[in-house]
Novice: 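One structure follows; several queries about it will come next.
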Number of protein chains: 2
Amino acid sequence: MATRTRRSQRRTEALSRQRIVEAAVQLLDAAGEGGLTFRALTERLATGPGAIYWHVANKSELLDAAADAVVAAAVALKPAEPPGAPPGEIRAVALGLFDAIDEHPWLATQLAMQLSRSPWGSVTTRIFESIGQRVRALGVPDGNLFTATSALVHYILGAVGQNAANTRVDGLHVDRGEFLDAVSTAWEELDPDDYPFTRAVVDQVREHDDREQFLAGIDFVLTGITALHLPSGQACTPPAA
Amino acid sequence: MATRTRRSQRRTEALSRQRIVEAAVQLLDAAGEGGLTFRALTERLATGPGAIYWHVANKSELLDAAADAVVAAAVALKPAEPPGAPPGEIRAVALGLFDAIDEHPWLATQLAMQLSRSPWGSVTTRIFESIGQRVRALGVPDGNLFTATSALVHYILGAVGQNAANTRVDGLHVDRGEFLDAVSTAWEELDPDDYPFTRAVVDQVREHDDREQFLAGIDFVLTGITALHLPSGQACTPPAA
DNA sequence: ACCTGAACACCGTTCAAGT
DNA sequence: ACCTGAACACCGTTCAAGT
């Protein structure tokens, strides 16, 4: 029944793990998380499922590899920019991830799932390393590097996870204005007794700029690290317990 | 073939959405994310799939409801504690979530997926409201409430998402020492040219305390918010761009 | 060593039929 | 209004067989 839109090119190159991962990324980009199935993959690669299983262990590993490929490209800073000061580079790396998720919305869910499933998998470690190098350059003492970097990475992963969906719902790109309207409307219908705060800030959700807000959060964490762990920041005290 | 271990009690109460959600939470607690299937659910509830679909729209909605039930209980502070100062209450709410994920490890993945799939769903909004009320009590000016609260919530969601898996891998509880050993070993085998930072902090991962580190991140964000948005904090300056 | 493709076990979901 | 349960479409994965 299906019109059998045969891929024009028969297989020219041999199958390889890399070719499979590339195809997986393309399918995810085209149709979202639901778009990656072994059947779609076999059709696109003009092969059978057994051939794919020769190169990758299972679907989970394939998703990991797809996410890793995209993240690796994202955290590699464009050499266009000069080295720059550490705080600026941290913002640049974070924005690289932010933009990668804008281009590959499935990456948000995938990052989140990998974070919770295998917390120190290749993707998480890659981001940790990239941020950590710059935190060290900031002058944070050795003993506090792990804590400071973890805090930054956790904030970044939490924030990009949510912001991804600000431009899409269930894999469909939606107008940002419409999306925020829907959120505002939903919030206005919340019980005023249970949700006084949310209702009070309903206007701010419409006006806010995703990138600005994302960077503001980075600055909170950086300021906290500076104040609590850098000699120059000792003037600042944390809020009393 | 299956030994048909009949649930001793035939159905006594009528089916209801709440009873279904409770059963879902129990299945998730017992067998992890893979443990919740409509077949397991029908068996436990002694009914057919159609009966369940009468009360919930689909599996996604059921997972949402299960997560919401657990989170609602977690962010409701025990009234044992006196109201207390805002920063302390923020830490208490955050730790409530932290502990809930310890008890229900599947919640980490579920929170992450909901965050990326429907960023302002009921669970996210519940956490946002709970934290937001306390950020306001902190004295943050109205115009900055949304940004400050979002940053805190993003950090919390990123951090609890990862810390969940520190005690479990693929749904199995594992010894924390063994787990950290495995991470350390894996890190020591990373390429020293590509991962100088990660290799340098490998010892800190073994010594660190999850809760302490989680709270340290909260303090970074709180200190940043205080420094950048509270009149009393103006002495602190953010790191230069 | 690498690939084929039929087959298997399992899943979420539907729906005509009952009460 | 609420429940039953067979059936459907689809999925990840396996494996004996080919080259």
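Within every chain, numbering begins at 1; the chains are lettered A, B, ... in the order of the sequence lines, protein sequences first and strands thereafter. Not measured: the values here are computed from a predicted model.
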Novice: Using distance only, find each side-chain donor-acceptor pair of residues 182-195 of chain A under 3.5 Å and give its atom names and separation, not counting sequence neighbours.
Specialist:
unit_1: S184(A); atom_1: OG; unit_2: L180(A); atom_2: O; d: 2.8
unit_1: T185(A); atom_1: OG1; unit_2: D181(A); atom_2: O; d: 2.8
unit_1: D191(A); atom_1: OD1; unit_2: D193(A); atom_2: N; d: 2.7

Novice: Tell me: CD of E33(A) to P of dG12(C), nearest whole Å?
Specialist: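 Going from CD in E33(A) over to P in dG12(C) covers 17 Å.
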Novice: Angle class for the F146(B)/F128(B) ring planes (parallel below 30°, perpendicular above 60°, tilted otherwise)?
Specialist: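 Because their plane-to-plane angle is over 60°, the rings of F146(B) and F128(B) count as perpendicular.
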Novice: Taking atom P of dC2(C) as reference, at what distance in whole Å does atom CD1 of I20(A) sit?
Specialist: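 The distance from CD1 of I20(A) to P of dC2(C) comes to 12 Å, rounded to the nearest Å.
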Novice: Describe the nucleic acid contact of L41(B) in one word from base, sugar-phosphate, nothing, applying a heavy-atom distance below 4.0 Å.
Specialist: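 The answer is nothing, as L41(B) stays clear of every strand by at least 4.0 Å.
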Novice: Choose from dT4(C), dC11(C), dC3(C) the nucleotide whose nearest atom is closest to any side-chain atom of T47(A).
Specialist: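 From the listed options, dT4(C) comes nearest.
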Novice: If the sugar-phosphate is the primed atoms plus P, OP1 and OP2 and the base is the rest, what is the B/S/- string for nucleotides 14-19 of chain D, using protein heavy atoms under 4.0 Å?
Specialist: BB----
Novice: Nearest of dC3(D), dG12(C), dT13(D) to any side-chain atom of F38(B)?
Specialist: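 The closest nucleotide is dG12(C).
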Novice: Side chains of Q162(A) and T124(B) only: does a donor on one sit below 3.5 Å from an acceptor on the other?
Specialist: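 The criterion, which ignores hydrogens and geometry beyond distance, is not satisfied for T124(B) and Q162(A).
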Novice: For R39(A) and dC11(C), give me the distance from atom CZ to atom C1', rounded to whole Å.
Specialist: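 After rounding, the reported distance stands at 12 Å.
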Novice: By the definition side chain to side chain contact (heavy atoms under 4.5 Å, CB included), identify the one residue from D64(A), V70(A), V71(A), L115(A) that meets it with Q110(A).
Specialist: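 For Q110(A), the side chain to side chain contact (heavy atoms under 4.5 Å, CB included) test succeeds with only one of D64(A), V70(A), V71(A), L115(A), which is D64(A).
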Novice: Below 4.0 angstrom, N of the basic side chain to O of the carboxylate: do R134(A) and E129(A) qualify?
Specialist: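 No, this pair does not count.
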Novice: Assign I52(A) to base, sugar-phosphate, or nothing according to its heavy-atom contacts below 4.0 angstrom with the strands shown.
Specialist: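 Nothing: the residue I52(A), judged by heavy atoms under 4.0 Å, touches no strand.
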Novice: Answer yes or no: is there an ion pair linking R211(B) with D99(B), defined by an N-O contact shorter than 4.0 Å?
Specialist: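 Salt bridge between R211(B) and D99(B), a charged N being under 4.0 Å from a carboxylate O: yes.
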Novice: Classify the ring geometry of F38(A) against Y53(A): parallel below 30°, tilted from 30° to 60°, perpendicular beyond 60°.
Specialist: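 Ring orientation, 0 to 90° scale: parallel.
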Novice: Can you give me the dot-bracket string for DNA chain C, 5' to 3', counting Watson-Crick and G-U wobble pairs with both distances under 3.5 Å, using [ ] for crossing pairs and | for partners on another strand?
Specialist: ||.|||||...|||||.||
Novice: Between dC3(D), dT13(C), dA1(C), which nucleotide has the shortest distance from any of its atoms to the side chain of W54(A)?
Specialist: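 Output: dA1(C).
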Novice: Check whether any side-chain heavy atom of F214(B) sits under 4.5 Å from a side-chain heavy atom of D209(B), and report yes or no.
Specialist: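 No, every pair of side-chain atoms sits at 4.5 Å or beyond.
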